[in-house]
Amino acid sequence: QVQLVESGGGLVQPGGSLRLSCAASGTIFSNTAMGWYRQAPGKQRELVATITSDGNANYADSVKGRFTISRDNAKNTVYLQMNSLKPEDTAVYYCNVPVGRTLVAHSWGQGTQVTVSS
């Protein structure tokens with residue numbers, strides 16, 4: 001089984017920054033792509049960023065230029081550096097292994113709440 005534990009969320013003012021962490025258990029990580037997702041109340045869960053096992057990253061247009069996804073395979077951890085935060089970034093953020101555009105490989109963790117408000 002793979003367990004994913006997100007952390008690092010909190011309350012931040014617009015324009016501020018947060019760094020999220022996703023710690024993954026299990027025997028396989030270094031050869032697996034990872035993704036960050038977010039879901040706000042009343043909205044669909046959306047894919048925010050992905051990173052391949054080689055470190056190649058892709059971002060949703062809404063966060064491009066502001067967020068940076070990275071990974072530390074030795075620590076089985078993926079990160080999301082969030083800069084220039086906007087109120088519309090407010091959501092619960094989750095990590096998972098992307099399977100195509102919509103599906104994910106594992107059960108969702110509890111996520112970490114990010115609230116951007118003045």
Side-chain angles (χ1 to χ4, degrees):
Q1 298 93 357
V2 173
Q3 185 176 358
L4 302 168
V5 180
E6 301 92 346
S7 63
L11 175 64
V12 64
Q13 293 184 335
S17 298
L18 286 172
R19 190 188 191 212
L20 308 183
S21 297
C22 170
S25 65
T27 60
I28 299 177
F29 181 82
S30 62
N31 64 343
T32 303
M34 295 294 299
W36 281 99
Y37 304 76
R38 67 185 181 186
Q39 187 171 30
K43 296 183 179 179
Q44 297 276 335
R45 199 192 319 263
E46 64 174 337
L47 179 61
V48 175
T50 60
I51 185 168
T52 68
S53 60
D54 295 327
N56 296 315
N58 286 291
Y59 302 92
D61 289 340
S62 59
V63 307
K64 194 172 298 181
R66 300 187 298 118
F67 291 10
T68 302
I69 188 172
S70 62
R71 66 193 298 160
D72 186 339
N73 289 338
K75 296 181 178 179
N76 287 352
T77 301
V78 62
Y79 306 95
L80 187 67
Q81 179 66 47
M82 310 165 65
N83 299 326
S84 302
L85 282 163
K86 304 175 180 179
E88 52 262 44
D89 296 318
T90 296
V92 178
Y93 284 71
Y94 305 86
C95 62
N96 217 309
V97 177
V99 181
R101 176 67 179 175
T102 303
L103 299 178
V104 295
H106 307 293
S107 299
W108 297 105
Q110 65 179 351
T112 185
Q113 176 72 51
V114 172
T115 303
V116 185
S117 176
S118 60

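All figures in this text were calculated on a predicted structure; none of them were measured in a lab.
- Ser117 meets the side-chain contact (heavy atoms from CB on, under 4.5 Å) test with Leu11, Thr115; sequence neighbours excluded.
- Scored by the side-chain contact (heavy atoms from CB on, under 4.5 Å) test, Ser17 finds Gln81, Asn83 as partners (sequence neighbours excluded).
- Applying the ring pair (Phe, Tyr, Trp, His ring centres under 6.0 Å) test to residues at least two apart or on different chains, none of the pairs has a partner in residues 38-61.
- For the disulfide bond (SG atoms under 2.5 Å apart) condition, no pair includes a residue of residues 40-81, sequence neighbours left out.
- Residue pairs meeting the salt bridge (Lys or Arg N to Asp or Glu O under 4.0 Å) criterion with at least one member in residues 68-86, sequence neighbours excluded, do not occur.
- The two residues Ser118 and Pro14 have their closest heavy-atom pair at N-CD, 3.7 Å.
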| task | Walk me through it: do Met34 and Leu80 pass the test side chain to side chain contact (heavy atoms under 4.5 Å, CB included)? | result | CA-CA 11 Å; Met34 295 294 299; Leu80 187 67; over 6 Å; no
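- Listed for the Asn58 side chain is no donor-acceptor partner under 3.5 Å among the backbone atoms of Thr50.
- Within the structure, the disulfide bond (SG atoms under 2.5 Å apart) test picks out the following pairs touching residues 87-118 (sequence neighbours left out): Cys22-Cys95.
- Residues passing the side chain to side chain donor-acceptor pair (under 3.5 Å) test with Asn56: none are found, sequence neighbours excluded.
- Between atom CD1 of residue Ile51 and atom OG1 of residue Thr32 there is a gap of 12.5 Å, rounded to the nearest 0.5 Å.
- Across Gly35 and Pro98, no two heavy atoms sit closer than the pair N-CD, 3.7 Å.
- Legend: residues meeting side-chain contact (heavy atoms from CB on, under 4.5 Å) with Val12, ordered by chain and number and at least two apart, are Leu18, Leu85, Val116.
- Atom CD1 of Ile69 is separated from atom CG of Leu20 by 10.0 Å, given to the nearest 0.5 angstrom.
- For residues 49-88, no residue pair satisfies the disulfide bond (SG atoms under 2.5 Å apart) rule, not counting sequence neighbours.
- For the salt bridge (Lys or Arg N to Asp or Glu O under 4.0 Å) condition, the pairs that include at least one residue of residues 32-44, sequence neighbours left out, are Arg38-Glu46, Arg38-Asp89.
- Partners of Gln3 according to the side chain to side chain donor-acceptor pair (under 3.5 Å) rule, which considers only residues two or more places apart in sequence or in another chain, do not exist here.
- The neighbour count for Glu88 CD, taken as heavy atoms of other residues, nucleotides or ligands under 6.0 Å away, is above 12.
- Under the 4.5 Å side-chain heavy-atom criterion for Ile, Leu, Val, Met, Phe, Trp and Tyr, Val48 and Val5 are members of distinct hydrophobic clusters.
- Taking Ile, Leu, Val, Met, Phe, Trp and Tyr as hydrophobic and joining them when side-chain heavy atoms fall under 4.5 Å apart, one finds Tyr37 in a cluster with Leu47, Val92, Tyr94, Val104, Trp108.
- Within the 4.5 Å cutoff, no side-chain heavy atoms of Glu6 are placed close to those of Tyr93.
- Between Val78 and Ser70, the shortest heavy-atom distance links the atoms CG2-O, 3.0 Å.
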